[in-house]
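To keep things clear, I will list the structure first and then write my remarks on it.
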Amino acid sequence: MILRDDSLRAPGGTLLLRRLRRADRDAWMDLRADNQDWLERWEATTPAPTGLDRQGRHRGWPGRTQPTRPPSFTGYVRALDKAARDGSTLPFAVELDGELVGQLTVSSITYGSLCSASIGYWVGQHVAGRGVIPTAVAMAADHCFFELGLHRVEINIRPENAPSLRVVEKLGLRDEGLREAYLHIQGRWCDHRTFALTAPEVPDGLLARWRSTQGA
């Protein structure tokens, strides 16, 4: 699946959301290394299971083994592809004028009475503030509303993450308040603010509304 927008202004004009490929390994590794300080403090982590079971043994995650090391890049891409096939996640590489500049993931896709999903993203610092991620989020939200038939999307952001807060401010997402100790980030449970949007709020699409604010 590829989502495309050609409305970005300088420094580039073509934004693609596409699947991450094994061939992206070197570009992805270089991008992550170059932006380690920019990204690391916001990275989600998996907490170690705590407490003892009834036999006094340390408790593990039900039905899961705790990984001893991160997966290889190939394994990571394979896991993303499986989640996409399962329909629970839409993982995208963010590409600007042929350059891999970040990732966007639509996760927790739920149907039934909820019809909702969560959007997360990261981008290289060298393209931050240029409309790349607001445009990517708008493209992904429209896909959720118009192609998947979802009713609601949400984005959860650390209160101190000013660059990410600017993204939802630009897009006009509704602030639904604080979720205390919501996600495990860099070894501790952290508060997040939740921002959301429903399909009826953007009948012409979020991308169209975002473009209108840019004079596109």
Side-chain angles (χ1 to χ4, degrees), residues 15 17 20 28-50 61 66-67 70-71 76 79-80 83 88-94 96 100-110 114 116-144 150-198 201-202 206-207 209-210 213:
L15 183 67
L17 299 185
L20 192 67
W28 188 91
M29 297 288 283
D30 288 346
L31 183 64
R32 294 292 303 188
D34 291 345
N35 290 275
Q36 182 174 355
D37 292 341
W38 166 253
L39 298 172
E40 190 173 34
R41 56 183 167 161
W42 315 119
E43 293 291 301
T45 49
T46 301
T50 58
W61 296 114
Q66 192 74 358
Y76 175 58
L80 291 179
S88 61
T89 300
L90 288 177
F92 292 107
V94 180
L96 177 63
L100 179 67
V101 296
Q103 284 180 263
L104 180 147
T105 303
V106 181
S107 61
S108 303
I109 299 174
T110 305
L114 186 58
S116 180
S118 179
I119 295 177
Y121 47 80
W122 64 265
V123 70
Q125 189 173 9
H126 66 297
V127 297
R130 299 178 180 179
V132 173
I133 284 299
T135 302
V137 168
M139 293 163 65
D142 285 355
H143 181 78
C144 289
L150 298 183
H151 170 70
R152 180 181 187 274
V153 294
E154 71 175 36
I155 298 175
N156 297 289
I157 302 172
R158 293 269 298 276
E160 61 271 36
N161 189 343
S164 203
L165 290 173
R166 284 195 291 272
V167 171
V168 293
E169 180 183 1
K170 289 175 180 178
L171 292 173
L173 270 66
R174 180 178 59 258
D175 188 346
E176 294 192 332
L178 186 72
R179 290 180 172 179
E180 297 184 7
Y182 179 62
L183 290 174
H184 200 264
I185 306 292
Q186 286 301 295
R188 63 188 181 92
W189 292 102
C190 295
D191 298 346
H192 283 68
R193 286 169 62 188
T194 296
F195 297 85
L197 185 74
T198 60
E201 294 175 73
V202 283
L206 182 56
L207 185 59
R209 189 171 81 177
W210 164 238
T213 67

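Computed from a predicted structure; not experimentally measured.
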>> Checking Thr89 now: which residues fulfil side chain to side chain contact (heavy atoms under 4.5 Å, CB included) with it, not counting sequence neighbours?
In response: Ala83, Pro91, Thr105, Ser107

>> Any heavy-atom pair between the side chains of Leu207 and His143 that's under 4.5 Å?
In response: no

>> Under the rule for side chain to side chain contact (heavy atoms under 4.5 Å, CB included), what residues qualify as partners of Thr198, not counting sequence neighbours?
In response: His151, Arg152, Arg174, Pro200, Glu201

>> Using 0.5 Å steps for rounding, measure from the CG atom of Leu20 to the OH atom of Tyr76.
In response: 6.5 Å

>> Looking at every heavy atom in both Lys170 and Pro134, which two are closest together, and how far apart are they?
In response: CD-CG, 4.0 Å

>> Which heavy atom of Leu171 sits nearest to which heavy atom of Ala138, and what is that distance?
In response: CD2-CB, 4.3 Å

> If only atom types and distance count, is the side chain of Asn35 paired as donor or acceptor with the main-chain N or O of Gly124 below 3.5 Å?
Replying inline: no

> What heavy-atom pair brings Ala181 and Asp191 nearest, and what distance separates the two atoms?
Replying inline: N-OD1, 2.7 Å

> Is the shortest heavy-atom distance from the side chain of Arg130 to the side chain of Val123 under 4.5 Å?
Replying inline: no

>> For the CE atom of Met29 and the CG atom of Leu100, what is their distance to the nearest 0.5 Å?
In response: 12.5 Å

> How long is the span from the CD atom in Gln103 to the CG atom in Leu39, to the nearest 0.5 Å?
Replying inline: 10.0 Å

> Which residues satisfy the side chain to side chain donor-acceptor pair (under 3.5 Å) test with Thr194, sequence neighbours excluded?
Replying inline: Asn156, Arg179

>> Going by the rule ring pair (Phe, Tyr, Trp, His ring centres under 6.0 Å), which residues pair with His184 if we only count those two or more places apart in sequence or in a different chain?
In response: Trp189

> Taking all atoms of both residues into account, what is the closest heavy-atom pair of Arg158 and Arg188, and its distance?
Replying inline: NH2-NH2, 3.5 Å

> About how many Å separate CE of Met139 and CD1 of Ile133, when rounded to the nearest 0.5 Å?
Replying inline: 10.5 Å

>> Testing the basics here: between Leu206 and Ala141, what is the closest heavy-atom pair and its distance to 0.1 Å?
In response: CD2-CB, 3.9 Å

> To the nearest 0.5 Å, what is the distance between CD1 (Ile157) and CG (Leu183)?
Replying inline: 11.5 Å

>> Please enumerate all residues that pass side chain to side chain donor-acceptor pair (under 3.5 Å) together with Asp175, with sequence neighbours excluded.
In response: Arg193

> Run the side chain to side chain contact (heavy atoms under 4.5 Å, CB included) check on Asn161 and His192 step by step: do they pass?
Replying inline: CA-CA 10 Å; Asn161 189 343; His192 283 68; over 6 Å; no

>> If the condition is side chain to side chain contact (heavy atoms under 4.5 Å, CB included), which residues does Leu104 pass it with, not counting sequence neighbours?
In response: Phe92, Val94, Val106, Ile119, Tyr121, Ala136, Val137, Ala140

> If you take all heavy atoms of Leu173 and Ile155, which pair is closest and at what distance?
Replying inline: CD2-CD1, 3.9 Å

>> Would you say that Val202 contacts Trp210 through its side chain, given a criterion of any heavy-atom pair below 4.5 Å between the two side chains?
In response: no

